[in-house]
Amino acid sequence: MYDFKKIEKKWQNYWEEKETFKAITGLDKEKYYVLVEFPYPSGAGLHVGHVRSYTALDAVARMKRMNGYNVLFPMGWDAFGAPAEQYAIKNHIHPKEAVKENIKTFKKQIMDLGISFDWSREFSTTDPEYYKWTQWQFLEFYKHGMAYKDKKNINWCPTCKTGLSNEDAAGGICDRCKSKVVQKEKEQWLLRMSDYAEDLIVGLKDTKFADRVKLGQINWIGKSTGAEVDFKIAGTKKKLTVYTTRPDTLYGVTFMAIAPEHPILEELKDRIKNMDEIKKYQEEAKTKSEFERTELVKEKTGVKVEGLEAINPLNKEKIQIWVADYVMMGYGTGAIMAVPAHDNRDYEFAKKFGINIIEVISGGDISKEAYIGDGPYINSGILNKLTSKEEAISRMLDFLEENKIGHAKTNYRLQDWIFSRQRFWGEPIPLIHCEKCGWVPVPEEDLPVLLPDVANYEPTEDGESPLANIEEWVNCTCPKCGGHARRETDTMPNWAGSSWYFLRYMDPHNDKEFVSKEALDYWGKVDWYNGGMEHTARHLLYARFWNQFLYNIGLVPNKEPIDVRVSHGMILAGGEKMSKSKGNVINPDDIVNEYGADALRTYEMFIGDYEKDASWSTNGLKGCSKFLDRIWRIKDNLNDKEGYTNEILVHQTIKKVTNDLDSMKYNTAVSALMILLNEYEKCPNITRDDLRILIHLLNPIAPHITEEINDICNLGAPLCESPWPVYDEKKTVNENFEMVIQVNGKVRGKEVVNINASKEFMQETALANENVKKFVRGKKIINVVVIPRRLVNIVVR
RNA sequence: GCCUGCGUGGUGAAAUUGGUAUACACGCUUGACUCAAAAUCAAGUGACAUUUUGUCAUAUCGGUUCAAGUCCGAUCGCAGGCACCA
């Protein structure tokens with residue numbers, strides 16, 4: 001085995017000294033911006049999963065540089081947030097120190113891999129020089145009315161003792177600690193992300209995201225089209241407005257259901273006869289959400305509101321009103337019209353409480369279940385006899401609008417972004433509350449609002465931020481009137497810093513602006529962005545929202561910040577996620593020490609389809625290590641000839657590797673190079689050109705060993721400074737090809753034929769083949785299909 | 001329940017986008033070298049059989065086609081996402 005330790009160190013030093021990977025803003029070259037999600041520098045160190053995506057994008061970056069682009073391939077640290085804080089609490093050090101230590105470890109590990117990052121642009125989201133601008137941008141949101149404080153029921157994690165966004169509490173589970181989330185009423189800062197719901201869907205068409213990523217975002221935004229309809233409450237001037245996607249079933253409404261938190265209950269409490277019972281149900285609903293959510297079968301519950309009745313605006317019939325927790329206050333209007341005949345949930349509820357069921361679409365059997373299919377409308381006044389759902393809905397919408405009882409309405413599941421965290425380790429929200437002036441932004445010249453250096457930063461029991469206990473930090477003077485005021489003590493979520501870091505990389509040391517216009521105009525969009533699928537509904541959505549806002553207020557030149565988005569699959573061990581508790585974690589350091597960075601990189605590229613999960617196999621790694629050893633050895637078998645020994649195969653390989661690296665098919669790129677090496681090993685010796693082309697094509701994946709061979713064999717300029725090889729399409733095809741001869745679709749023989757052979761000649765040659773004759777003899781030839789450069793199929797009977 | 005993928009040797013996986021199924025690699029078997037082992041090299045390796053040849057085989061069943069791993073329909077299984085969203 002070659003001395004990879006020495007070689008890898010040597011070339012890493014060479015790149016660093018020569019600043020080979022430094023991106024220069026404004027260079028008269030076409031730019032290319034390659035980005036891989038910056039890591040959270042956890043105490044656990046680098047994971048083999050990081051190695052996979054970093055190597056993949058490194059290969060792209062290295063190839064693009066050789067293709068003559070000015071490549072920006074930066075790296076930094078996303079270091080605010082709960083894990084760093086908890087790590088620090090556990091180890092009794094300040095999170096600042098913990099982060100510093102972890103970054104040091106991560107950086108060393110990444111540098112040992114020889115990834116071609118431009119380290120001159122490195123920063124951490126926790127650097128005051130960086131979070132100054134995160135705070136500055138928050139104030140832009142605030143000044144444009146896009147940030148507001150509101151008291152509302154939010155997701156609260158009792159373990160982390162902080163509020164969470166909907167995205168961080170998906171499925172009712174805290175994303176950090178997996179605790180069940182409870183509802184808690186709290187004053188919170190929010191960003192008006194729901195205003196951008198439509199733009200976030202429309203904008204996707206200006207991106208080249210992988211389909212599964214686009215779909216994930218569209219699903220999360222959850223657009224639905226329907227109608228809002230007003231139902232009068234009998235004997236009052238009040239009305240209940242419902243949202244429905246099926247206004248065509250209005251004649252089938254037999255009751256209404258409202259969320260337990262619905263304000264109408266308070267407004268009309270004097271008319272309600274069973275208020276005590278309802279109050280009790282409301283209390284139950286509040287505590288229930290805690291554990292009820294995880295139960296698989298949720299039986300419908302509810303309480304009838306005695307004393308109130310609604311009027312169906314179409315047939316004027318009086319219908320019951322129920323309070324039921326299957327209606328959510330946070331979606332639509334918090335009230336629904338229930339059509340048990342044609343909705344599963346309403347059906348279940350009506351059956352349980354003995355409520356009337358009216359069929360309005362025929363075709364099903366409503367004595368058994370709700371019918372959700374299509375069919376002719378019945379019992380439906382103006383809609384009777386229609387059969388098309390679309391037509392019925394549009395007819396009904398017209399009717400509702402003419403009679404001013406409803407209108408078309410689009411709803412989104414996407415909600416405003418809860419932006420407050422009751423934690424220490426985050427960017428302080430730069431606002432000051434003054435008794436006289438209300439909320440006042442911290443003036444720009446006073447930014448950043450620094451986190452205080454204190455001993456105690458653990459979360460408090462009462463749900464306040466730890467910052468609230470630090471009197472000397474909280475108390476301040478109002479920037480407006482000079483009177484006494486208090487700072488906001490909530491901090492930002494850890495997704496704040498990562499929502500714009502890709503912009504900062506363009507101009508990371510600017511202390512006058514968040515990024516210069518010059519840098520924004522030159523670097524434009526991220527051309528190729530890689531990250532985990534788990535960030536589809538969070539980081540990627542937040543980043544697009546943030547950028548669209550900056551675009552709308554004229555701060556960035558592109559509405560969409562990212563062109564191509566791809567996602568890597570995970571690396572598993574024995575089909576399971578690697579984890580400390582299972583003891584199946586592969587540490588990249590150990591592999592680099594034993595086999596070298598190039599072997600690890602090559603193996604992770606060879607492991608399988610980049611977008612799919614893959615299982616770690618140490619034997620597979622050894623195979624790739626062996627491949628590199630064989631290349632190392634073949635350099636001792638050079639002859640004095642020039643040119644390529646097998647020119648066609650070389651051109652085929654250049655073509656294959658180039659196309660595969662462009663389309664992230666790393667596994668087949670490596671296999672093409674293995675095939676080339678296998679061919680070289682069959683020759684008594686090879687030319688210098690043969691060797692140079694092999695290592696050049698392998699260089700983006702295994703950069704150290706290839707540079708070393710190039711250097712010691714004197715094959716030419718360093719590979720990282722040489723243009724990427726080009727192939728000649730004409731030289732990728734042989735003069736002759738192996739023509740396949742089929743009889744009735746089955747292979748019966750093969751003949752070598754010139755690629756320009758006529759169809760007639762191919763047919764004659766096929767029919768003359770001895771084995772083919774055996775299958776044709778005595779039978780009638782019905783048809784002969786001839787595909788040039790491929791095959792002949794003889795159809796007989 | 002809904003949406004999105006996926007199902008190919010003992011294993012990880014290829015397949016020019018409808019045209020030779022199993023490239024490349026791992027593992028295994030045999031041989032060479034060696035006192036021996038490791039490493040390395042060579043040969044073999046989908047199943048079955050009457051073994052220079054043929055039959056069957058890409059989850060299962062059916063369809064389209066001269067030709068299907070690839071397209072269409074149904075079924076089964078696995079993974080991921082969303083989930084009382086009206």
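Here is how names work: the chains are called A, B, and so on, in the same order as the sequence lines, proteins then strands, and each is numbered from 1.
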With heavy atoms under 4.0 Å as the rule, sort Asn678(A) into base, sugar-phosphate or nothing.
sugar-phosphate

To the nearest angstrom, the NZ-C1' distance between Lys682(A) and A43(B) comes to 13 Å

Under 4.0 Å between any heavy atoms, over every strand shown, what does Val339(A) touch: base, sugar-phosphate, or nothing? Just pick one. nothing

*What is the nucleic acid contact for Ser615(A), judged by heavy atoms within less than 4.0 Å: base, sugar-phosphate only, or nothing?*
nothing

Q | U51(B) versus A59(B) - spacing of their P atoms, nearest Å | A | 31 Å

Exercise for review: Check whether NZ of the Lys or CZ of the Arg Arg748(A) lies under 6.0 Å from the centre of the six-membered ring of Phe775(A) and within 45 degrees of that ring's axis.
Suggested key: yes

Sugar-phosphate, base or nothing in reach of Asp343(A), heavy atoms under 4.0 Å: nothing

Plane angle bin for Phe353(A) and Trp322(A) - parallel if under 30°, tilted between 30 and 60°, otherwise perpendicular: tilted

Expected label for U17(B) (glycosidic angle, syn inside 90° of 0, else anti) would be syn

Among the nucleotides U40(B), A86(B), A83(B), whichever has the atom closest to the side chain of Arg633(A) is U40(B)

Classified by glycosidic angle (syn within 90° of 0, else anti), U51(B) comes out syn

| said: Once you apply a heavy-atom cut-off of 4.0 Å, does Gly216(A) come out as touching a base, just sugar-phosphate, or nothing? | reply: nothing

Pairing partner of G27(B), by Watson-Crick or G-U wobble and under 3.5 Å for both distances, is U45(B)

- Task: Tell me, yes or no, whether the heavy-atom count around Lys773(A) atom NZ, taken from other residues, nucleotides or ligands under 6.0 Å, exceeds 12.
- Result: yes

(Q) Using a 4.0 Å heavy-atom cut-off, does Asp609(A) contact any base of the nucleic acid, only the sugar-phosphate backbone, or nothing at all? (A) sugar-phosphate

When rounded to whole Å, the CD to P distance for the pair Gln742(A) and U20(B) reads 8 Å

In Watson-Crick or G-U wobble terms, with both distances under 3.5 Å, the base opposite A21(B) is none

- Query: Within the structure, does a side-chain N or O atom of Lys665(A) lie under 4.0 Å from either OP1 or OP2 of A15(B)?
  - Reply: yes

Q. What integer number of Å spans the C1' atoms of C24(B) and A13(B)?
A. 9 Å

* Asked: Roughly how far apart, to the nearest Å, are C48(B) and G9(B) at atom P?
  -> 15 Å

Syn within 90° of 0, anti beyond: G9(B) is syn

C1' atom, C76(B) versus A86(B): distance in rounded Å?
33 Å

Of Trp616(A), Tyr666(A), Tyr595(A), the one forming a ring pair (Phe, Tyr, Trp, His ring centres under 6.0 Å) with Tyr603(A) is Trp616(A)

> Under 30°, 30 to 60°, or over 60°: which ring-plane class applies to Trp495(A) and His539(A), parallel, tilted or perpendicular?
Replying inline: parallel

In whole angstroms, the gap separating C1' of A86(B) from CG of Asp325(A) amounts to 14 Å

Side-chain contact check for Asn783(A): nearest option of A23(B), A86(B), C66(B) is C66(B)

ask   = Using the C1' atom in both, what is the distance from C26(B) to G77(B), to the nearest Å?
value = 27 Å

Legend entry - Any Asn771(A) side-chain nitrogen or oxygen under 4.0 Å from OP1 or OP2 of G54(B): yes

inquiry  = If I pick the C1' atom on U70(B) and the same atom on G18(B), what distance separates them, to the nearest angstrom?
reply    = 7 Å

| query | How is Asp211(A) classified with respect to the nucleic acid when contacts are heavy atoms under 4.0 Å: base, sugar-phosphate, or nothing? | reply | nothing

The Watson-Crick or G-U wobble partner of A83(B), with both key distances under 3.5 Å, is none

Touch class at under 4.0 angstrom, heavy-atom based, for Leu215(A) against every strand present: sugar-phosphate

- Please check the phosphate of C56(B) (OP1 and OP2 only) for any side-chain N or O of Lys746(A) closer than 4.0 Å. yes

Could you check whether Arg748(A) gets within reach of a base, just the sugar-phosphate, or nothing at all, counting any heavy atom under 4.0 Å? sugar-phosphate

Considering only heavy side-chain atoms of Lys774(A), the closest of U53(B), C24(B), A67(B) is U53(B)

Measuring only the P atom in each nucleotide, how far is C56(B) from A67(B)? A whole number of Å is fine.
15 Å

Scanning all shown strands, the Watson-Crick or wobble mate of G73(B) with both distances under 3.5 Å is C61(B)

Would one find more than 12 heavy atoms of other residues, nucleotides or ligands at under 6.0 Å from atom NZ of Lys352(A)? yes

Select base, sugar-phosphate, or nothing to describe what Phe775(A) touches, counting heavy atoms under 4.0 Å on all strands. sugar-phosphate

Between Lys626(A) and C26(B), does any side-chain N or O lie under 4.0 Å from OP1 or OP2?
yes

dist Asp365(A):CG -> Lys368(A):NZ (nearest 0.5 Å) comes out at 4.0 Å

When rounded to whole Å, the CH2 to C1' distance for the pair Trp616(A) and C26(B) reads 14 Å

With a non-hydrogen cut-off below 4.0 angstrom, is Ser617(A) in contact with a base, only sugar-phosphate, or nothing?
nothing

Just N and O in the side chain of Asn619(A): are any of them under 4.0 Å from OP1 or OP2 of G27(B)?
yes

Answer yes or no: side-chain N or O of Arg790(A) and base N or O of U16(B) forming a donor-acceptor pair under 3.5 Å.
yes

dist Leu676(A):CG -> Leu697(A):CG (nearest 0.5 Å) comes out at 7.5 Å

C28(B) to G46(B) separation - C1' atoms, rounded to the nearest Å: 14 Å

Inset, instruction - Would you indicate what Phe606(A) reaches in the nucleic acid, counting non-hydrogen atoms under 4.0 angstrom: base, sugar-phosphate, or nothing? - result: base

Regarding Leu791(A), tell me which of base, sugar-phosphate or nothing describes its non-hydrogen contacts under 4.0 Å with the strands shown. base

In whole angstroms, the gap separating C1' of C84(B) from CD1 of Ile372(A) amounts to 14 Å

Practice prompt. For Val740(A), report the nucleic acid contact type (base, sugar-phosphate, nothing); a contact means any heavy atom under 4.0 Å.
Written response: base

Fill in: Contact under 4.0 Å: Tyr331(A) side-chain N or O vs A86(B) OP1/OP2
yes

If pairing means Watson-Crick or G-U wobble with both distances under 3.5 Å, then the partner of C35(B) is none

Using Watson-Crick geometry (N1-N3 plus N6-O4 or O6-N4) or G-U wobble (N1-O2, O6-N3), each under 3.5 Å, A67(B) is paired with none

Output, in order, the C-alpha distance, side-chain angles, deciding distance and verdict of salt bridge (charged side-chain N to carboxylate O under 4.0 Å, His left out) for Arg52(A) and Glu604(A). CA-CA 6 Å; Arg52(A) 190 181 198 187; Glu604(A) 292 213 25; 5.5 Å; no

Whole-Å distance, Lys300(A) NZ to A86(B) C1', equals 11 Å

Check: Does Asn667(A) make a side-chain N or O approach to OP1 or OP2 of A23(B) shorter than 4.0 Å?
Finding: no

- Query: Hey, does the side chain of Ser625(A) reach the backbone of Leu621(A) with a donor-acceptor pair shorter than 3.5 angstrom?
  - Reply: no

